[in-house]
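Below is one structure; the comments refer to it alone.
In each ligand, atom 1 is the first atom listed, and ligand 1 is the first ligand listed. The figures here come from the full heavy-atom set of this structure, side chains too, leaving out hydrogens, waters and symmetry mates. In this text, all values refer to a predicted model and were calculated from it rather than measured experimentally.
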Amino acid sequence: MRLPIYLDHAATTPVDPRVADLLVRYLTLDGDFGNPSSTTHVFGRIAARAVDAAREQVAALFDAFPREIVWTSGATEANNLAIRGAMRAYARRGRHLVTGKTEHKAVLDVCRRLEQEGCSVTYLDPEPDGLIDLERLAGALRPDTVLVSLMHVNNETGVMQGLAAIGALTGARGILLHVDAAQSAGKLPINLRTLPIDLLSLSAHKLYGPKGIGALFVRQHPNRIRLEPLIYGGGQERGLRAGTLPAHQIVAMGEACLIARLEMADERDRLQRLRDRLWSALAGLGDVTLNGHPDRHWPGILNVSFAGIAAEALLAAMPEIAVSTGSACASAANEPSHVLKAMGCDAFRARGAVRFSLGRFTTVEEIDYTIAAVRAAVGRLRELSPCWEKRRAASGTVDWTAPSNGLGKADSGPAHLPALAR
Ligand SMILES: *Cc1c(COP(=O)(O)O)cnc(C)c1O
């Protein structure tokens, strides 16, 4: 077994070796390196054909039409194009949009910017389990609402929204629905012929493809969704997204989607078993809280808070396990997770949250090693915490609201390590 153990697949996945093998064939002189727009010669035409095939593979994963797939640099750009592009193209319908407080920053920051430009945005509070309440959503829709943007699987908690019910609400009112599916694409079935979704964001590096490539599904049938582009130039992607197509990345994303389509069901079952094994062992440590809905979630993500322990202290105490506190972006900013705060977790529990995210190459041995490492670290940190001992003796449980080891002001001992080794 290789150390450190990678359990941060929600931040990014390693490229599948089958995908990497194909990618390098589209780079060099002895491969197919042509510009897909160079239709005057065979180099360009071969690259164009490869791009077309990849477009079909991506579309096939969602039962979409190839012409509904627009290449982007990733889900961030796809979210920007969907939200900004739709609000501009449909400005005459209104300037209101609805999203959720637990969305990725690549949605929330676009909304904040649109507010500065005169749009009005409703940010829905989730239920404590992370789900968006449908009545609350319905209550937020107005005559001037153009767009609803909600994610499928949350990148911090794994909580999975019910897209069919959300789409039924928006569709009945003629409101566009955008879904950030960066975490669920290739992992859960998403059928865009039957689901009333108008725009769907994808990222290759969350499904064992390379970073820097993604796509936006833009519905063309039965209704054609219009968008105003963000990028102007050579007219690629039918004018929606100019720029030379990176054939090597596109081919890789196509292959990643093909593999996902064939292996999705088995992979999900396997991850469910690994996740159950991890969760039952961690829950056995006592005073461990699961963050997010227990069933309506993607099994690849397990978000837990350990009472009396700050996530940074736990991560520092087991450097051989690569996990994260909330999202990669939040770790960089060192802020408590906006997702957990929106779900009503107090600051202490949010600061104690650790996200384990499992993937295609995670093994049972790695999970068992992780369980042992967490058990040892939690035991050590709790022993060092005078507050923990006192409170456990007094009440049998720990009071989250008071400062305790690593969470409050200066405590003693190595448990209060700064957030190093990340
Ligand atoms: C990773 C992620 C993104 C950003 O995707 P990039 O391709 O890295 O830009 C957006 N939304 C969610 C839910 C994600 O998990």
Open item on the list: Students often mix this up, so state it plainly: with edges at 30° and 60°, are the rings of Phe43 and Phe33 parallel, tilted or perpendicular?
Closed with: tilted
Can you tell which part of [X] has a heavy atom less than 4.0 Å from ligand 1: side chain, backbone, both or neither?
X	answer
Met151	side chain
His205	side chain
Ala182	side chain

When only distance counts, is [X] in polar contact with ligand 1, meaning an N/O pair under 3.5 Å?
X	answer
Asn155	no
Asn79	no
Ala11	no
Ser73	no
Gln183	yes

Open item on the list: Assess, by modelled atom type and distance only, whether the side chains of Arg142 and Ser120 contain a donor and an acceptor separated by less than 3.5 Å.
Closed with: yes
Task: Closest protein heavy atom to atom 1 (C) of ligand 1, given as residue, atom name and distance to 0.1 Å - done: Lys206 NZ, 1.3 Å
- [ ] Identify the protein heavy atom lying closest to atom 6 (P) of ligand 1, giving its residue, its atom name and the separation to 0.1 Å.
- [x] Ala75 N, 3.6 Å
- [ ] Grab the two heavy atoms, one from Asn155 and one from Gln183, that are nearest each other, plus how far apart they are.
- [x] CB-NE2, 3.3 Å
Open item on the list: Using a strict threshold of under 4.0 Å (side-chain N to carboxylate O), is an ion pair present between Asp144 and Arg93?
Closed with: no
TODO: Would you mind checking if Arg55 and Glu237 are paired as a salt bridge, meaning a charged N to carboxylate O distance below 4.0 Å?
DONE: yes
Where the closest heavy atom to [atom] is concerned, which of [options] has it?
atom	options	result
atom 13 (C) of ligand 1	Asp180, Thr76, Ile213, Val153	Asp180
atom 7 (O) of ligand 1	Ala10, Gly209, Gly214, Ser203	Ser203
atom 12 (C) of ligand 1	Glu103, His152, His104	His104

Open item on the list: Would Gln116 and Arg113 count as a side-chain hydrogen bond (donor to acceptor under 3.5 Å, both in side chains) here? Give the steps.
Closed with: CA-CA 5 Å; Gln116 289 169 13; Arg113 179 66 206 170; 2.9 Å; yes
Task: Interatomic spacing from CG in Leu258 to CD in Gln57 - rounded to 0.5 Å - done: 5.0 Å
Open item on the list: Between Phe62 and Phe217, is the ring centroid distance below 6.0 Å?
Closed with: no
Open item on the list: I'd like to know whether Phe306 forms a side-chain contact (heavy atoms from CB on, under 4.5 Å) with Thr289, so could you lay out the CA-CA distance, the side-chain angles of the two residues, the decisive distance to 0.1 Å, and finally the verdict.
Closed with: CA-CA 7 Å; Phe306 298 87; Thr289 321; over 6 Å; no
Task: Those atoms of ligand 1 less than 4.0 Å from some heavy atom in Gly74 - done: 7 (O)
